[in-house]
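As the structure lists them, so they are numbered: ligands from 1, and atoms in each ligand from 1.
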Amino acid sequence: MKKHLVILFCISATLVIYSSCKKDDDMITSPPTVTLYDRVGGTTMVSDPAVPGTMIEQGRLTLRSVVDSSIFVIAADPAMSAFFPVLLGEVGSGDFSGFNALSDNLTDFLCSATGSTNSSYAYTGLSMTDAHNPATNDRMGMKASDSDFDAFIGDVAVGLSQNGVTDTALINDLVALLETTRADVVQL
Ligand code: HEM
């Protein structure tokens, strides 16, 4: 009887060791998915240059920097001015409240779309259809066409390069992500 118990113990111990090794093997053969958010810096905490004494995820900082640069490029692009009458009017008179709100919204949108799981970065703005329809967003001067969308992407590409995002594969993947919104944004 005692001998049987010893054999049973040995078999159990072998199974426990095997199953814990197997879990390790699974972890090695199934590497975690690398998101676009990871590729622009991910969740590594860095100091926020805009708010001294506070920290920000590097992924959000990269996206916010690209967004802010892109808004300035768009604001200076005559082909874009008819779409942004409210924003341009505000900025022209030194009021940056709309600019800051757009920066936050666009940054949240890109954080969520690229795979951030930080709940404080979740997008809570208008749907892409409502945001780009003057009937549901009075800040949208007029509806956009396919060629307007292309011009907008061109301005975002300038914003990317101004922030050192020069990796072609990364740029292509970010542009491909923006392209997924084309059908909702283009309403002409
Ligand atoms: C490339 C894909 C695009 C994305 C991901 C995008 C995203 C957004 C987001 C998240 C907002 C803020 C919505 C809110 O306030 O709740 C917004 C607003 C706006 N978008 Fe877009 N957009 C895109 C393309 C375009 C294009 C092609 C145009 C015009 C040619 C455009 C013009 C505007 C305007 C005028 C606003 C309102 C700006 C303001 O608050 O003053 N967007 N967009």
Side-chain angles (χ1 to χ4, degrees), residues 35-42 50 56-57 59-163 165-188:
T35 63
L36 261 180
Y37 190 73
D38 294 325
R39 290 165 63 196
V40 295
I56 185 172
E57 290 183 9
R60 183 174 180 84
L61 178 57
T62 304
L63 293 172
R64 190 188 68 196
S65 304
V66 170
V67 162
D68 289 351
S69 300
S70 301
I71 298 176
F72 278 115
V73 175
I74 287 164
D77 179 354
M80 286 289 122
S81 53
F83 300 99
F84 294 86
V86 182
L87 185 72
L88 292 176
E90 288 169 352
V91 171
S93 59
D95 172 6
F96 280 81
S97 58
F99 177 99
N100 291 330
L102 181 63
S103 167
D104 280 347
N105 265 338
L106 267 167
T107 305
D108 286 346
F109 182 88
L110 291 178
C111 285
S112 303
T114 53
S116 162
T117 54
N118 186 329
S119 59
S120 56
Y121 299 164
Y123 178 65
T124 57
L126 298 169
S127 71
M128 284 301 95
T129 309
D130 286 350
H132 299 95
N133 181 352
T136 44
N137 183 7
D138 60 11
R139 300 181 66 85
M140 180 80 186
M142 62 184 210
K143 289 185 172 181
S145 67
D146 266 317
S147 61
D148 299 325
F149 191 95
D150 295 340
F152 185 99
I153 296 279
D155 287 346
V156 174
V158 176
L160 285 166
S161 73
Q162 286 178 347
N163 287 280
V165 182
T166 50
D167 180 86
T168 311
L170 180 56
I171 292 171
N172 288 345
D173 289 346
L174 287 168
V175 170
L177 178 70
L178 294 178
E179 281 291 345
T180 64
T181 69
R182 183 184 285 264
D184 292 332
V185 172
V186 172
Q187 300 182 30
L188 268 183

Heavy-atom distance under 4.5 Å between the side chains of [X] and [Y], does that happen here?
X	Y	answer
Thr107	Arg60	yes
Thr168	Asn172	yes
Gln187	Thr129	yes
Val40	Val165	no
Arg139	Leu87	yes

To check your reading of the model: name the closest protein heavy atom to [atom], its residue, and the distance in Å.
atom	result
atom 19 (C) of ligand 1	His132 NE2, 3.8 Å
atom 7 (C) of ligand 1	Leu106 CD2, 3.4 Å
atom 18 (C) of ligand 1	Leu102 CD1, 3.8 Å
atom 28 (C) of ligand 1	Phe152 CD1, 3.6 Å
atom 5 (C) of ligand 1	Phe109 CE2, 3.6 Å
atom 13 (C) of ligand 1	Tyr123 OH, 3.5 Å
atom 36 (C) of ligand 1	Phe84 CE2, 4.0 Å
atom 14 (C) of ligand 1	Asn105 ND2, 3.4 Å

Does only the side chain of Phe83 get under 4.0 Å from ligand 1, or the backbone, or both, or neither? Count heavy atoms.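 It is both parts that get close, each with some atom under 4.0 Å.
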Report the part of Phe149 (side chain from C-beta onward, or backbone N, CA, C, O) that has a heavy atom under 4.0 Å from ligand 1; answer both or neither where that applies. both
If you take the centroid of each ring, where Trp contributes its six-membered ring, are Phe72 and Phe99 closer together than 6.0 Å? yes
To the nearest 0.5 Å, tell me how far Leu110 CG sits from Leu174 CG. 8.0 Å
Please report the interatomic distance OG1(Thr166) to CD1(Ile171), rounded to the nearest 0.5 Å.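 Spacing of OG1 (Thr166) from CD1 (Ile171) equals 6.0 Å.
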Hey, which atoms in ligand 1 end up nearer than 4.0 Å to a heavy atom of [X]?
X	answer
Val185	24 (C), 25 (C), 26 (C), 27 (C)
Gly125	16 (O)
Ala131	13 (C)
Leu87	41 (O)

Just by modelled atom types, is the Ala176 backbone N or O under 3.5 Å from a matching donor or acceptor in the Thr180 side chain? no
Without swapping roles, check the side chain of Asn100 against the backbone of Phe96 for a donor-acceptor pair under 3.5 Å.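 Looks like yes, one N/O pair under 3.5 Å.
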Could you tell me whether some N/O pair between [X] and ligand 1 is separated by less than 3.5 angstrom?
X	result
Asp148	no
Asn137	no
Arg139	yes
Leu126	yes

Would you say Thr181 contacts ligand 1, with heavy atoms under 4.0 Å as the rule?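 The answer is yes: ligand 1 sits under 4.0 Å from a heavy atom of Thr181.
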Met128: heavy atom below 4.0 Å from ligand 1, yes or no?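 Within the 4.0 Å threshold, so yes.
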Thr114 pairs by side chain to side chain contact (heavy atoms under 4.5 Å, CB included) with which of Leu177, Thr35, Asp38?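 Going through the options one by one, the only one that passes is Leu177.
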Between Val156, Val66, Val91, Leu102, which is the residue that forms a side chain to side chain contact (heavy atoms under 4.5 Å, CB included) with Ile71?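 One option only clears the test, and that one is Leu102.
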